[in-house]
Protein chains: 2
Amino acid sequence: MARRKDHTHDEIRSLALEAMQQHLQQQPADTMSLRKLAQAIGYSPATLINVFGSYDHLLLSVSAITLDRLAQQLAHHAATELSPLQRLHSFGKTYLQFARQNPYCWQLLFEHRLPDGDEIPDWQQQRIDQLFAIIEQALAELSPDAENVRQAARTIWASVHGICTLSLNDKLFADHLSNADSMIESLIHHYINSWSR
Amino acid sequence: MARRKDHTHDEIRSLALEAMQQHLQQQPADTMSLRKLAQAIGYSPATLINVFGSYDHLLLSVSAITLDRLAQQLAHHAATELSPLQRLHSFGKTYLQFARQNPYCWQLLFEHRLPDGDEIPDWQQQRIDQLFAIIEQALAELSPDAENVRQAARTIWASVHGICTLSLNDKLFADHLSNADSMIESLIHHYINSWSR
DNA sequence: ACCTGAACACCGTTCAAGT
DNA sequence: ACCTGAACACCGTTCAAGT
C-alpha cells in the first residue's frame, strides 16, 4: 500500500493528539475510536499502537494535555495581587468554567481509567500536585498549621470538583442552570469562614 | 435451537439484573458485555435487547437498584433521634461507606450516561430527590430559610460526592488512606458551622 | 407470540509480510 | 526499520426465519 513515512514518530504523536482533542471539542471520547482516529490522520491503527503503546495510553496523553491547560488557566486567574480568599473563589470559578468549556476533555480526564494493574504515571500526579499548590498557598496565608492546610486544600478541591461533576452531568437537579456557580461560592465562603477562624 | 421459555419476561429481567450485580461486586461494568451476560443466564443477546430495549437501559436498571440500596442505607443511618448535625455527619459517613463497599455499582451509577438525546427517566430523578430530602430535613431544623436549604443541601451532597469520587479513584493523593473520612467530617463541620450561624 | 441464528457494522490488538 | 493488511477475538443491534 501507499507508504507514508512522511512524518516522524513525534509528528504522528502530535497529529493524533490534535485530532483527538478536536473531536473532544464536539463529542465525547467514546464516540471516537482508534480506527477512526487513525483514518483521520492517514495512518493505520497499528501505527498508533506502535507510537502510543495502546489506545488507552493515547487517551491518557490527551488527559495530560487537558490537565496542563487546566493548570495554566487556574494559575493565570489566581494572580497574587488578589487576597487569599479571592484567589480561592477565583479557583472555584475558573475550575467550573473550564469544565463547562471543555466538558468532553474533562470527562475523559476524570473518568478514564487505565485497565487492571496499569499505574498512573508519576508525571500525571506531579501535574495534580501543582493544582493543589495554588490552593495550599492561599490557605497557608490564612492559617499557619501545615497539616491542616494539606487537608483543607484537598477538601476544597474535591468539593468543588464534585459540584462541577454533578453540574456537568445534570445530576444536581437544581432549579436554575447557573446554580453550580453559587454553590461553589457558598461552599468556599462558609468553609473558609469557619476554617480560618 | 433449544427453546427456553422457561421464564417470564420479569423473570428474565431479574436473572439479568442479578447476574450483572453479581459481576459488579468483583469487576467494573466495562468488563461485562451484553453477550456475556446473555450467556450467563442462558438466553441470547437479542432476548435481553427485547426485554430491556438496549444494553444501556439494562445498565440503567442496575443503577436504579443501586440508588435504592444507597437510599435505604442512608435513611437507616439517619435515625431521627440524632441531632440534625449528627444526621448530616452520618449521611456523609454512610455515603462514603457505600461507595467503598460498592465501588463498581457506584461508578456505574454516576458515570454511565445514556447516549445522545435519551433522557434520564423520571423515576430515577425521584429517587435522587429522596436523598436530598434527608439532608434538607436536617438543614431545615438548623435554618428556617427554605431556598437556602435547597441550595445548601445540594452543595453538601455534591461536595461529599466529590470527596468520595476522588477517593475511590485514588485521585486525592492524600497521605493516609483514611483521609476521605476526615475530609467529609471537616467539610460538614465547617460548612454548617458558618452556614447555620 | 416468543425467541434466536446469522448477519451487520463495528471494536482494539497482533504479527507476518511487504517495502 | 518502519509500516500495515489481514486476521483474531471480540462488541451492540437488527431482523428474517424458525418453533
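Worth saying up front: this structure is predicted, and the values here are computed from it rather than measured. Order of the sequence lines sets the chain letters (A, B, ...), proteins ahead of strands, with each chain counted from 1.
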[X] has an atom [atom1]; how far is it from atom [atom2] of [N], in whole Å?
{"X": "A:H57", "N": "C:dT13", "atom1": "NE2", "atom2": "P", "answer": "10 Å"}
{"X": "B:H112", "N": "D:dG12", "atom1": "NE2", "atom2": "C1'", "answer": "12 Å"}
{"X": "A:D30", "N": "D:dG12", "atom1": "CG", "atom2": "P", "answer": "13 Å"}
{"X": "B:F52", "N": "D:dT14", "atom1": "CZ", "atom2": "P", "answer": "16 Å"}
{"X": "A:L48", "N": "C:dC11", "atom1": "CG", "atom2": "C1'", "answer": "15 Å"}
{"X": "A:L59", "N": "C:dG12", "atom1": "CG", "atom2": "C1'", "answer": "11 Å"}
{"X": "A:D56", "N": "C:dG12", "atom1": "CG", "atom2": "C1'", "answer": "9 Å"}
{"X": "A:H7", "N": "D:dT4", "atom1": "NE2", "atom2": "P", "answer": "12 Å"}

Check A:W106 against A:C164 and note the closest heavy-atom contact, atom names and distance. CH2-CB, 3.7 Å
By nearest heavy atom, map B:A46 and A:K36 onto DNA chain C; which one lands nearer the 5' end?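 By nearest-heavy-atom nucleotide position, the 5'-most residue is B:A46.
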[N] pairs with, by Watson-Crick or G-U criteria that keep both distances under 3.5 Å:
{"N": "D:dC10", "answer": "none"}
{"N": "C:dC3", "answer": "none"}
{"N": "C:dA17", "answer": "none"}

B:T47 vs B:S44, side chain to side chain donor-acceptor pair (under 3.5 Å): CA-CA, chis, key distance, verdict: CA-CA 5 Å; B:T47 300; B:S44 76; 3.1 Å; yes
Identify whether any heavy atom of A:N50 sits under 4.0 Å from a base atom; if not, whether one sits that close to sugar-phosphate; answer base, sugar-phosphate or nothing.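 Since a base atom lies under 4.0 Å of A:N50, the category is base.
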On a whole-Å scale, what distance lies between the C1' atoms belonging to D:dC3 and C:dC15? 12 Å
Parallel, tilted or perpendicular: which fits the ring planes of B:W195 and B:Y191, with parallel below 30° and perpendicular above 60°?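 If you compare the ring of B:W195 with that of B:Y191, the planes turn out parallel.
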Can you tell me how the ring of A:F110 sits relative to the ring of A:W157, calling it parallel under 30°, perpendicular over 60° and tilted otherwise? tilted
A:R35 or B:M32: which one's nearest nucleotide on DNA chain D is closer to the 5' end?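 It is A:R35 whose nearest nucleotide is closer to the 5' end.
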Where the side chain of [X] is concerned, which of [options] is the nearest nucleotide?
{"X": "A:Y55", "options": "C:dC3, D:dT13, C:dG12", "result": "C:dG12"}
{"X": "A:I49", "options": "D:dC15, C:dC3, C:dG12", "result": "C:dG12"}
{"X": "B:P45", "options": "D:dT13, D:dT4, C:dT4", "result": "D:dT13"}

With a 4.0 Å cutoff (strictly under), does any side-chain N or O of B:S33 reach OP1 or OP2 of D:dC11? yes
Please determine if B:E81 and B:R87 form a salt bridge, counting it only when a charged side-chain N lies under 4.0 Å from a carboxylate O. no
